[in-house]
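Side-chain atoms are counted along with the backbone in the values below, which use heavy atoms only and exclude waters and symmetry mates.
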Amino acid sequence: MRIPDPSRRAVIAGLAGLAASPAAAGSWSADGLHAAAARTGLAYGTAVPVERMGDRAYLAVVARECGILVPNTQTKMLSILTAPGVEDFTETDKVLRLARANGQRLRGHTLVWHDGIPAWAQPLLARANAYQAESFLRRWIGAVAGHCRGRIEAWDVVNEVLAQGEIRRADGLRETPWLAALGPDYIDLAFRILHEVDPKAAGTWNEDAVEQGVPWMEARRTLVLRRIEGMRARGVPIHRFGLQSHLASPIPIDERALRRFLRELGQMGLGIEITELDFDDRAFPADIATRDRMVADYARRYLDVVLDEPAVLNVLTWDVYDPATWLNHHPDRRRPDGLPQRALPFDAAYRRKPLWHAMHRAFAAAPDHRAARDRLRRV
């Protein structure tokens with residue numbers, strides 16, 4: 001259900017109590033997105049790209065608005081295992097230092113991904129037997145999760161494991177080098193390895209295209225629930241599920257189906273994270289004022305459903321300002337008129353857009369689920 005916007009007095013009273021919450025121990029602004037989210041036990045944050053780590057205006061926005069960060073590429077295999085026998089954590093450590101300086105939480109992204117294997121390792125994995133592939137996976141997760149041990153709240157253990165397009169397997173899994181080398185048990189194995197290396201980090205399955213109201217996404221939601229049921233029965237240490245939430249404007253939101261999916265995940269005892277939120281506006285008009293309003297309305301409809309669910313812990317956008325969005329460079333996501341997408345809460349000058357205000361109002365109006373969220377954050 002939609003919760004009415006609170007009065008100004010209620011919002012101020014809620015913000016005044018943030019200092020007592022563990023989600024409010026950082027240096028962000030009392031009028032920012034994270035401060036509004038923290039009132040109900042949520043955290044708001046963003047992906048941090050290494051190329052803007054020297055941009056003072058960008059860093060100021062991240063410090064002011066965000067209570068949790070996720071490295072964009074800096075904890076991916078292709079960024080760390082740059083050559084055989086080499087583990088380079090230079091860029092990783094920049095994000096770790098930034099989060100520590102700002103008093104922010106951290107997510108890790110991502111341990112196992114079909115698209116994140118460095119070129120030098122691809123032929124080795126392709127010809128590896130199961131023992132060799134498992135040894136490689138153990139060394140990799142041991143290296144990165146061990147380096148970051150105690151500093152990462154949750155790891156995307158597996159990322160985008162469901163097939164895109166035509167589903168060829170009954171389990172819906174994507175054909176990947178990991179599946180070829182280890183079979184479908186590679187997913188369970190990755191979660192177990194992380195738990196051995198850093199038992200306090202919440203293991204998360206991060207997946208795309210499970211949020212919106214079309215039959216093929218409903219089929220994917222069914223596959224997710226079926227696999228998680230099996231994982232829980234097998235004692236796999238999966239603690240959270242991540243909805244990437246790259247929301248496409250041509251596709252509607254089925255509020256009832258989304259609410260049911262979130263509830264079923266929560267009833268399994270999982271925390272839920274919105275991990276890569278942005279808004280593909282290619283179906284909306286070119287006029288900026290109209291487009292911004294439509295993006296903001298779409299965001300509010302989505303967040304009003306998502307934030308009702310007590311198991312939702314974190315909401316992260318995939319960057320914070322429009323020029324950085326990946327949507328402008330993806331052939332399936334570009335606007336047909338060639339205009340840049342307005343997908344994120346800040347514009348090119350780091351000004352707050354209607355999307356920012358819609359997100360802020362959604363956070364401020366969300367029901368208070370601090371007790372439930374605090375329990376789920378404890379692995």
Answer with yes or no whether the side chains of [Y] and [X] bring together a donor and an acceptor at under 3.5 Å.
X    : Y    : result
R373 : N314 : no
D31  : S29  : yes
Q341 : D278 : no

Min side-chain heavy-atom separation [X]-[Y] under 4.5 Å:
X    : Y    : result
Q104 : C66  : yes
Y350 : D55  : yes
W178 : L125 : yes
F89  : I80  : yes
F363 : H360 : no
L33  : W28  : no
E153 : R240 : yes
E65  : H34  : no

Indicate yes or no for a side-chain donor-acceptor contact from [X] to the backbone of [Y] under 3.5 Å, with no hydrogens or angles considered.
X    : Y    : answer
R174 : H114 : no
R105 : L69  : no
R361 : R300 : no
T75  : G108 : no
W120 : L81  : yes
H369 : E309 : no
R291 : A286 : yes
D280 : S249 : no
H239 : G203 : yes
W140 : L111 : yes

Flag yes if [X] and [Y] sit in one hydrophobic cluster, no otherwise; membership is Ile, Leu, Val, Met, Phe, Trp, Tyr, and two members link when side-chain heavy atoms are under 4.5 Å apart.
X    : Y    : value
L162 : V214 : no
F191 : W113 : no
I288 : F284 : no
I272 : V161 : yes
L59  : Y321 : yes

Name the residue from R293, R333, R342, R335 that meets the salt bridge (Lys or Arg N to Asp or Glu O under 4.0 Å) definition with D281.
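One option only clears the test, and that one is R335.
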Distance (rounded to the nearest 0.5 Å) between [X] [atom1] and [Y] [atom2]:
X    : Y    : atom1 : atom2 : value
L270 : F241 : CG    : CZ    : 9.0 Å
H147 : T92  : NE2   : OG1   : 6.0 Å
L247 : R301 : CG    : CZ    : 10.5 Å
I251 : M217 : CD1   : CE    : 4.0 Å
F346 : R351 : CZ    : CZ    : 12.0 Å
D88  : T82  : CG    : OG1   : 5.5 Å

Only pairs at least two apart or in different chains count here, so list each side-chain hydrogen bond (donor to acceptor under 3.5 Å, both in side chains) that has a residue in residues 45-54.
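Pairs touching residues 45-54 that pass the test: R52-D319.
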Cluster partners of L327, using ILVMFWY side-chain heavy atoms under 4.5 angstrom, listed by chain and number?
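Hydrophobic cluster check, L327: joined to I68, V70, L316, W318, W326.
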Could you please spell out the steps behind the salt bridge (charged side-chain N to carboxylate O under 4.0 Å, His left out) verdict for E196 and R192?
CA-CA 6 Å; E196 293 168 8; R192 295 188 193 280; over 6 Å; no
I'd like to know whether V210 forms a side chain to side chain contact (heavy atoms under 4.5 Å, CB included) with F261, so could you lay out the CA-CA distance, the side-chain angles of the two residues, the decisive distance to 0.1 Å, and finally the verdict.
CA-CA 9 Å; V210 292; F261 179 56; 4.2 Å; yes
Minimal non-hydrogen separation, [X] against [Y], with atom names:
X    : Y    : value
A121 : I117 : CB-CG2, 4.0 Å
A343 : L355 : O-CD2, 3.6 Å
V48  : Q74  : O-NE2, 3.1 Å
D198 : C148 : OD2-O, 4.4 Å
Y302 : E211 : OH-CG, 3.5 Å
P310 : A372 : CB-CB, 4.0 Å

[X] with [Y]: basic N within carboxylate O range, under 4.0 Å:
X    : Y    : value
D374 : R370 : no
R226 : E229 : no
R221 : E264 : no

Apply side chain to side chain contact (heavy atoms under 4.5 Å, CB included) to residues M53 and R97 and explain how you reach the verdict.
CA-CA 11 Å; M53 293 290 284; R97 287 194 296 268; over 6 Å; no
Please step through side chain to side chain contact (heavy atoms under 4.5 Å, CB included) for the pair R259 and D308, ending with a clear verdict.
CA-CA 8 Å; R259 195 180 298 277; D308 268 358; 2.9 Å; yes
Pair T275-H109, side chain to side chain contact (heavy atoms under 4.5 Å, CB included): steps then yes or no:
CA-CA 10 Å; T275 56; H109 176 78; over 6 Å; no
Knowing that exactly one of I274, L277, L42, L243 qualifies, which makes a side-chain contact (heavy atoms from CB on, under 4.5 Å) with V306?
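Going through I274, L277, L42, L243 one by one, the side-chain contact (heavy atoms from CB on, under 4.5 Å) with V306 is satisfied by I274 alone.
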Verdict with supporting geometry, R260 and E218, salt bridge (charged side-chain N to carboxylate O under 4.0 Å, His left out):
CA-CA 11 Å; R260 182 177 64 247; E218 179 64 22; 3.4 Å; yes
Could you point out which residue of N206, D208, T110 forms a side chain to side chain donor-acceptor pair (under 3.5 Å) with N159?
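Among N206, D208, T110, the one meeting side chain to side chain donor-acceptor pair (under 3.5 Å) with N159 is N206.
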